[in-house]
Amino acid sequence: APGRFGHALDARRGHLEAKSKPAFQEPPITVECWAKIDSKAGFNILVANNVKDSPAHWEIYSYAGSGEFSAFLPGYEPSEIKSGVDITGGVWHHVAMTFDGSRVRLFVDGRAAKDVPVKPRGETPKQPSPTGSLWVGAYPPQKIGCDGVVDAVRISRGARDHVSIVDLPP
């Protein structure tokens, strides 16, 4: 599908699946992408790593009903963080999550939208949990998709500064 920077994944037609890496599970980490989501009727998975019953699982998505950019990290409390910013409506948005092990920060279009302290549920695993898959545009184990287009996914070690990220060339 036409993307923000050429071609993008039309998640209404399918998703991308790749083997996860241990580096995707250990903070600090930044996950970001461009997304153009049409509907807020259901959850729209942008990027998800590992299975949800893993304490190392994380995902970024739009929340059903409100369209809020959100993150889910079931190994931490709170496990669900909503930004308060609707990213649906068929308009391109740059979204990002930074996670350093004690804070989750959500960004929408280069602006900080939410900053929440988190703590591990129970003991932090000494070893990364078994790696599963990295999914873009869906979470297949629960048949959750995405009503939109996902482009320019980037996963980085460390917490990236997102103030200037929207200045990427069109």
Side-chain angles (χ1 to χ4, degrees), residues 1-21 23-25 27-52 56-73 80-99 104-115 131-170:
R4 179 79 170 89
F5 303 104
H7 295 295
L9 173 70
D10 185 343
R12 295 166 294 214
R13 294 176 174 254
H15 66 276
L16 173 78
E17 181 172 350
K19 183 169 176 42
S20 182
K21 298 179 179 182
F24 297 166
Q25 302 180 60
I29 189 170
T30 299
V31 182
E32 59 191 298
C33 68
W34 285 89
K36 184 168 74 168
I37 302 170
D38 291 329
S39 170
K40 61 177 95 177
F43 290 98
N44 292 289
I45 302 294
L46 302 174
V47 186
N49 184 65
N50 217 329
V51 293
K52 290 190 185 208
H57 172 81
W58 53 257
E59 63 188 60
I60 58 173
Y61 59 98
S62 75
Y63 204 85
S66 68
E68 290 175 78
F69 176 54
S70 303
F72 180 57
L73 296 92
E80 186 173 67
I81 297 136
K82 297 181 197 175
S83 70
V85 180
D86 183 353
I87 60 167
T88 62
V91 177
W92 283 107
H93 291 283
H94 180 269
V95 295
M97 171 190 76
T98 63
F99 171 53
V104 173
R105 297 180 71 200
L106 300 180
F107 298 84
V108 177
D109 297 330
R111 294 188 183 98
K114 198 67 159 187
D115 185 343
T131 54
S133 292
L134 176 76
W135 294 283
V136 176
Y139 181 71
Q142 292 183 346
K143 297 180 176 41
I144 304 170
C146 179
D147 183 24
V149 180
V150 181
D151 198 2
V153 174
R154 178 166 49 184
I155 301 172
S156 308
R157 295 286 298 149
R160 295 178 49 84
D161 175 14
H162 288 86
V163 175
S164 63
I165 203 74
V166 294
D167 295 332
L168 290 172

From [atom1] ([X]) to [atom2] ([Y]), nearest 0.5 Å:
X    : Y    : atom1 : atom2 : result
D86  : F69  : CG    : CZ    : 12.5 Å
I60  : L46  : CD1   : CG    : 5.0 Å
K114 : K82  : NZ    : NZ    : 10.0 Å
S70  : M97  : OG    : CE    : 11.5 Å
D147 : D38  : CG    : CG    : 5.0 Å
F43  : Y139 : CZ    : OH    : 13.5 Å

Looking only at heavy atoms, which two atoms of [X] and [Y] are closest? And how far apart?
X    : Y    : answer
T30  : T98  : OG1-CG2, 3.4 Å
I45  : C146 : O-CB, 3.4 Å
G132 : N50  : N-OD1, 3.6 Å
V108 : A113 : CG2-CB, 4.3 Å
H15  : G137 : CB-C, 4.1 Å
A8   : G3   : CB-CA, 3.5 Å

- Task: Establish, from distance only, whether the side-chain atoms of H93 and D109 form a donor-acceptor pair under 3.5 Å.
- Result: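 Checked: H93/D109 side chains pair up, N/O donor to acceptor below 3.5 Å.
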- Check: S20/N49 side-chain N/O donor and acceptor closer than 3.5 Å: yes
Side-chain ([X]) to main-chain ([Y]) donor-acceptor, under 3.5 angstrom:
X   : Y    : answer
E17 : W135 : no
S62 : I87  : no
N44 : S39  : yes
W58 : F24  : yes

- Item | Residue pair E32, F107: steps toward the side-chain contact (heavy atoms from CB on, under 4.5 Å) verdict | CA-CA 9 Å; E32 59 191 298; F107 298 84; over 6 Å; no
- Ring geometry between Y63 and Y61 (parallel below 30°, tilted from 30 to 60°, perpendicular above 60°): tilted
- Message: I need the single residue from H94, K36, R4, H7 that forms a side-chain contact (heavy atoms from CB on, under 4.5 Å) with D151. Which is it?
- Response: R4
- Query: W34 and V149: side-chain contact (heavy atoms from CB on, under 4.5 Å), yes or no, with the steps?
  - Reply: CA-CA 8 Å; W34 285 89; V149 180; over 6 Å; no
- Message: For R12, is there an ion pair with D10 - N to carboxylate O distance below 4.0 angstrom?
- Response: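 Here D10 pairs with R12 in a salt bridge, since their nearest N and O are under 4.0 Å apart.
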- Task: Before giving the answer on side-chain contact (heavy atoms from CB on, under 4.5 Å), spell out for L134 and I155 the whole-Å C-alpha distance, their side-chain angles and the decisive distance to 0.1 Å.
- Result: CA-CA 11 Å; L134 176 76; I155 301 172; 3.8 Å; yes
- Query: Hey, does R157 have a side-chain heavy atom less than 4.5 Å from the side chain of P28?
  - Reply: yes
